[in-house]
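Beneath this line is the structure, given in structure tokens, with notes to follow.
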Amino acid sequence: MVRAPKGTHDVLWPASSRWEALVAAFAGRARRAGFGLTITPMFEDARLFRRGIGGQSDVVNKEMYEFTDRDNRPLALRPEGTAPVVRAFVQHHPPVPWKAWYVTPAFRYEQPQAGRYRQHHQLGVEVLGTEDPDLDVEVIALAAGFYADLGLREIDLAVNSMGCAEDRPRYIAALSEFLAEHASELCDEHSERYGVNPLRVLDCKRPECRAVTELAPRLVDFLDEACAAHLARVRSGLDALGIVHRLEPRLVRGLDYYTRTTFEFSATALETAQNAVGGGGRYDGLAEAIGGDPTPGIGFGIGIERLLMACDAEGCFAALPHPPHAFVIDLTGGEQARDLVDELRRAGLTALRAYDGRSLKSQLKQADRSGARYAVMIGAEELAAGVVTVRPLREAGGEKTEQETVARPEITARLRELTGEG
RNA sequence: GUGGCCGUAGCUCAGUUGGUUAGAGCGCCAGGUUGUGGCCCUGGAGGUCGGGGGUUCAAGUCCCCUCGGUCACCCCA
């Protein structure tokens, strides 16, 4: 049997109704903050990601789905959402500040595990054209507010600053020196390889490394005046908006383009290893790195699958059913149902029907299963008399009502009245 | 890329030291009720036992390989 590729999954109805609601909630928040939906290609010139994300990152180095098309163009399925949006900005130079939101699949060749897939989906925003720290606050507040909209309470927000191009080399030098002195205390993985990318060691979760990095020099102590002031303004802004967060000097995100503000949201209710439900930061050098004018930018990505896992863990954001208004039952051959569902739908009602000329019992069973509030029955008697029978299928407001006979021309109006859709 | 655990019906699972024609519950279909759903009863459909190879008189069961799922490392959403 042909199955979905490893690490991918289907989201079938009705489970997908949660996705609809999730995206709608995010779109609403984004729209209110001045963001517009942005759609960019699912695949890009592979060089965009190499230059943008960075050649030494794992994402580019060993996780990209790369291929060449029939004209030998080097292409890659997008492993993340930021670089393509920044590319679109550079290509079209819209007026700044440019605020874009997106929802997109992302592809990474990984070993699947809880909360990690080869195709996952992200919601995100990007803003190009300003380095105002109040914007950082606004962007973080957007994500935080969205989590709250879903009913999530157990969200940890870690914030750090990666400094700028001047700060970073000074810090990396100091960190390397420190790690060299403590190399023997690091975990097996890093004791000999800390030099490749010293910042990575800060990310290591092994107790040995944690113990060492606990005492390591902190990037925040190496910030120049402007970067320090920027971070301070971001933090005071978060405080002012009541957004609880903590400074995490070891927060080093795996994509190379980050500068200054970085942040990560974790769902502490998740007991799985992958509990980061959103992350992002500033990337003031990215536009230039991919060939555009120097333009500051900031954004975040939120993983939909992990977010829903977090909602499950907290028991919030349950799927809401969408019960149909009516289920049309036709015992006379189907023409009546064909015409009536069309009429009801034109009137704005949700109308379903059965097919294949099933028995009354079978059709009523389907009507019941559909969750419809009313069955509209048309048999030989109704057809001859020019009426339909409207049968309530569930108690509305605790009140039990009897089925009634309605003149055929009146049925749409009657159903609108009964369902309160008038 | 590495390691642990697991693959039997659409779903959740049972299947004895290898031994007739592989089962249950739920779901689906039909009938009981030739025009009344849910509850109940009866019946039915549905399986290359993940795939391939091997051992054996005999393999769902044992062995090898492989694919997939799952969890973890790495890293990220």
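Each chain gets a letter, A, B and so on, in the order its sequence line appears, and its residues count up from 1. Everything numeric here is computed off the predicted structure, so don't read it as measured data.
Atom CG in A:L360 sits roughly 14 Å away from atom C1' in B:G38 (whole-Å rounding). When rounded to the nearest whole Å, the span between CD of A:Q366 and C1' of B:U36 equals 15 Å. Rounded to whole Å, atom C1' of B:U36 lies 5 Å from atom CG of A:L364. Here B:C39 presents its C1' atom at 11 Å from NZ of A:K361, a figure rounded to the nearest Å. With rounding to whole Å, A:R369 atom CZ is found 13 Å from B:C26 atom C1'. With rounding to whole Å, A:R394 atom CZ is found 12 Å from B:C39 atom P. As rounded to whole Å, 17 Å separates atom C1' of B:G37 from atom CZ of A:R373.
Residue-level contact check: A:A380 touches the bases, meaning some heavy atom is under 4.0 Å from a base atom. Residue A:E80 is out of contact with every strand shown, counting any heavy-atom pair closer than 4.0 Å. In this structure, A:Q403 reaches the bases: a heavy-atom distance under 4.0 Å links it to at least one base atom across the strands shown. Residue-level contact check: A:G7 touches the backbone only, with heavy atoms under 4.0 Å from sugar-phosphate atoms and none from bases. When heavy atoms are screened at a 4.0 angstrom cut-off, A:E110 is found touching base atoms of the nucleic acid. Contacts of A:E381 with the nucleic acid, taken as non-hydrogen atoms under 4.0 Å apart, include base atoms. Among the atoms of the strands shown, base atoms are found under 4.0 Å from some heavy atom of A:E382. Across all strands shown, A:A114 has heavy atoms under 4.0 Å from sugar-phosphate atoms exclusively, and none from any base. At the heavy-atom level, A:G279 lies under 4.0 Å from the strands shown only through sugar-phosphate atoms. Residue contacts shown for A:G124 are absent, as no nucleic acid heavy atom lies under 4.0 Å away. A:R3 comes within 4.0 angstrom of the backbone, heavy atoms only, and of no base.
OP1 and OP2 of B:C74 both lie 4.0 Å or more from every side-chain N or O belonging to A:R116. OP1 or OP2 of B:A77 has not a single side-chain nitrogen or oxygen of A:Q274 nearer than 4.0 Å. OP1 and OP2 of B:U34 both lie 4.0 Å or more from every side-chain N or O belonging to A:S359. The phosphate of B:A72 (OP1 or OP2) has a side-chain N or O of A:Q113 nearer than 4.0 angstrom. For A:R358 and B:G31, the shortest distance from a side-chain N or O to OP1 or OP2 is not below 4.0 Å.
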| request: Please lay out, stage by stage, how A:E305 and A:H9 fare under the test side-chain hydrogen bond (donor to acceptor under 3.5 Å, both in side chains). | output: CA-CA 10 Å; A:E305 287 84 353; A:H9 55 104; 3.3 Å; yes
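Side-chain proximity of A:Y117 to B:C29, B:U36, B:A77: nearest is B:A77. The listed nucleotides are B:C75, B:G37, B:A72; the one nearest the side chain of A:D368 is B:G37. Relative to the side chain of A:E63, the nucleotides B:C75, B:A77, B:G37 differ in distance, and B:C75 lies closest.
Counting only heavy atoms from C-beta outward, the side chains of A:L142 and A:W101 never approach each other to under 4.5 Å.
Residue A:K365 is the one, among A:G301 and A:K365, whose nearest nucleotide of RNA chain B lies closer to the 5' end (criterion: closest heavy atom). Heavy-atom nearest nucleotides on RNA chain B were determined for A:A4 and for A:E264, and the one closer to the 5' end corresponds to A:A4.
Among the candidates A:V139, A:V125, A:T130, the single residue satisfying the side chain to side chain contact (heavy atoms under 4.5 Å, CB included) test with A:I298 is A:V139. A side chain to side chain contact (heavy atoms under 4.5 Å, CB included) with A:I411 is found for one member of A:V387, A:V388, A:V328 and no other, namely A:V388.
B:U8 and B:C49 have their C1' atoms separated by 4 Å, given to the nearest Å.
Taking the six-membered ring where tryptophan is involved, the planes of A:Y257 and A:Y283 are perpendicular, since the angle between them exceeds 60° and thus also 30°. Ring orientation note: the planes of A:Y109 and A:Y65 are nearly perpendicular, at an angle over 60° on the 30°/60° scale.
Applying the 5.5 angstrom centroid cut-off and the 30 degree plane-angle cut-off, the aromatic ring of A:H121 is not stacked upon the base of B:A77.
Dense packing is recorded around CZ of A:R246, with more than 12 heavy atoms of other residues, nucleotides or ligands lying under 6.0 Å away.
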